[in-house]
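See structure below.
Letters go in sequence order (proteins before strands), and every chain restarts at 1.
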There are 2 protein chains.
Amino acid sequence: MTSAAGGRPTATRATRTDARRNRAHILDVAEQVFTSEGLDVSMDAIAKRAGVGAGTLYRHFPNRDALVAGVLEGRQPDLSAEATAIEKESGDSGAALERWLDAVSRWMRAYEGLPEPLRTALGEQDSPLRLTCQEVIDTTGEFLQAAQKDGHAREGLTGRNLYLATLAAAWALGTPSADGSTGHELDDLLRSGWRTGS
Amino acid sequence: MTSAAGGRPTATRATRTDARRNRAHILDVAEQVFTSEGLDVSMDAIAKRAGVGAGTLYRHFPNRDALVAGVLEGRQPDLSAEATAIEKESGDSGAALERWLDAVSRWMRAYEGLPEPLRTALGEQDSPLRLTCQEVIDTTGEFLQAAQKDGHAREGLTGRNLYLATLAAAWALGTPSADGSTGHELDDLLRSGWRTGS
DNA sequence: TGATTAACGGAGAGCCTCTCCGTATTTTGG
DNA sequence: CCAAAATACGGAGAGGCTCTCCGTTAATCA
């Protein structure tokens with residue numbers, strides 16, 4: 001990492017401590033604001049609340065998605081841990097998939113308005129959210145395959161599309177008037193569809 | 001309609017012809033623009049393209065939702081006609097519900113970005129989109145009930161939630177990278193869920 | 001046809017995103 | 001420990017969007 005392809009040794013100076021501190025502080029503040037007011041807050045408001053200028057905010061996070069990605073990365077370990085726990089605790093791979101999708105749905109609904117950028121990221125090759133999402137999609141694919149192997153989940157389904165469907169349900173649950181029963185019904189729909197066996 | 005509660009006869013003059021014409025023209029232009037560029041176009045651009053001032057646009061449609069509602073109302077007859085046709089042509093009430101949901105999904109995807117306001121309208125009591133949506137929800141409820149009576153659809157499902165689920169799927173299909181197979185899979189998911197019978 | 005009244009147009013207020021650059025601070029080589 | 005160099009900071013402001021306000025214009029009616 002000390003020399004570039006050019007051959008000339010590129011001794012990059014370490015990041016300044018105030019920059020590191022600012023970045024961390026911005027992430028802290030952003031997470032708080034996102035939690036209480038949703039993603040639809042003005043960037044300037046976040047900067048002001050973090051006590052930094054707009055320039056500083058944008059230098060660290062060139063756009064809203066980058067900031068969201070930064071906040072989400074901080075939560076990744078929790079989700080990974082949950083995946084591990086589910087894998088251990090659930091004997092039935094069908095139940096495991098169910099639990100995992102539930103965890104993913106909660107993750108997607110952590111901040112109001114999160115589903116939108118998550119969906120957009122799915123279509124853009126270079127979204128800052130790409131990496132984080134891919135990890136969740138991959139894990140979903142693994143739980144799905146296990147469930148399929150045991151005959152608990154239908155064939156012909158991809159992890160990506162199951163993720164997308166979960167995202168869609170999470171988005172729908174963001175509807176202001178969506179109460180608990182709506183959530184339950186939507187989950188049922190995703191699990192079993194509207195059709196009866198007959 | 002000629003006298004108000006006050007008693008004094010309120011002889012309202014008929015709407016001016018230029019106003020009526022402008023309104024119709026704005027709707028025409030808006031539908032074109034929405035079709036080609038999606039709902040996320042600046043209001044000013046629509047005004048300019050319609051050859052009217054911003055004031056005129058906003059007098060007729062106080063906000064974007066009102067304009068969208070206006071455009072959608074123009075398409076209502078088509079959807080109603082489709083409902084009637086489906087009712088006649090489909091012998092099986094399960095197949096009818098399936099065809100209806102397909103029509104609704106297409107209606108929801110007529111303009112890129114339409115699902116968002118449709119979802120928001122579901123939570124607001126006084127959205128301009130309310131009436132139009134309610135009609136679609138009600139029709140969905142009728143198709144659903146018929147299917148339930150014949151044992152083709154699960155009990156414990158409401159028209160509203162089936163509409164919401166369809167909306168969610170339509171939203172997910174708006175993902176740039178969503179190809180045909182994604183649409184098919186999502187439809188399957190909504191119909192049959194991810195779970196197998198076992 | 002003239003008075004009345006509805007409708008028009010567009011300037012501009014207020015908010016948002018994002019950039020640019022003069023200034024301040026940290027790091028490093030001597 | 002002290003410049004000099006590199007890095008980061010702050011906030012003014014450009015440009016774009018939504019929506020309002022009001023002086024001007026055009027349709028309607030008696």
Should S42(B) be listed as having a side-chain N or O under 4.0 Å from OP1 or OP2 of dG16(D)?
-> no

Among dA27(D), dG10(D), dT18(D), the one nearest R59(A) by side-chain distance = dG10(D)

Would you call the rings of W171(A) and W171(B) parallel, tilted or perpendicular, where under 30° means parallel and over 60° means perpendicular?
-> parallel

Against the side chain of T17(B), the closest entry in dC19(D), dG9(C), dT28(D) is dT28(D)

Atom-to-atom span, CG of L39(A) to P of dC16(C) - whole angstrom | 16 Å

Measure the CZ-CD distance between R154(A) and Q148(A) for me, rounded to the nearest 0.5 Å.
-> 9.5 Å

Calculate the interatomic distance between I46(A) atom CD1 and dC16(C) atom C1'; express it in whole Å.
-> 12 Å

Protein-nucleotide distance (I26(A), atom CD1; dC9(D), atom C1'), rounded to Å | 11 Å

Separation of atom CG in L57(B) from atom P in dC8(C), rounded to whole Å = 11 Å

Interatomic distance, CG@L131(A) vs CD@E73(A), rounded to 0.5 Å, equals 7.5 Å

Rounded distance in Å - CZ (F61(B)) to P (dC19(D)) = 14 Å

Ranking dA27(D), dT17(C), dG10(C) by distance to the side chain of R16(B), first place goes to dA27(D)

Looking at the side chain of R13(A), which of dC19(D), dA6(D), dC9(D) is the nearest nucleotide?
-> dA6(D)

Greater than 12 external heavy atoms within 6.0 Å of D138(A)'s CG = yes

Side-chain N or O of H60(A) closer than 4.0 Å to phosphate OP1/OP2 of dC9(D) | yes

Rounded to whole Å, CZ of R23(B) lies from P of dA6(C) at a distance of 18 Å

Identify, between R20(A) and G55(A), the residue whose nearest nucleotide on DNA chain C lies closer to the 5' end.
-> G55(A)

Rounded distance in Å - NZ (K48(B)) to P (dG10(C)) = 10 Å

Closest non-hydrogen contact found for L173(A) with G183(A) is CD2-CA, 3.3 Å

Whole-Å distance separating the OH atom of Y58(B) from the P atom of dG9(C) | 15 Å

Would you indicate which nucleotide in dC8(C), dT17(C), dA8(D) comes nearest to any side-chain atom of D18(B)?
-> dC8(C)

Counting just side-chain N and O atoms, does N22(B) come under 4.0 Å of either OP1 or OP2 of dC8(C)?
-> yes

Out of dT28(D), dG10(D), dA8(D), whichever nucleotide has its closest atom nearest the side chain of A19(A) = dA8(D)

Please tell me which of the listed nucleotides, dG10(D), dT18(D), dA27(D), lies nearest to the side chain of R64(B)?
-> dT18(D)

Does a nitrogen or oxygen in the side chain of T56(A) sit under 4.0 Å from OP1 or OP2 of dG10(D)?
-> yes

Return the 5'-most residue of the pair A14(A), R21(B) with respect to DNA chain D, ranking by each residue's nearest nucleotide.
-> A14(A)

Counting N and O atoms only, with roles assigned by atom type, does the side chain of T175(B) sit under 3.5 Å from a partner on the main chain of A172(B), one being a donor and the other an acceptor?
-> yes

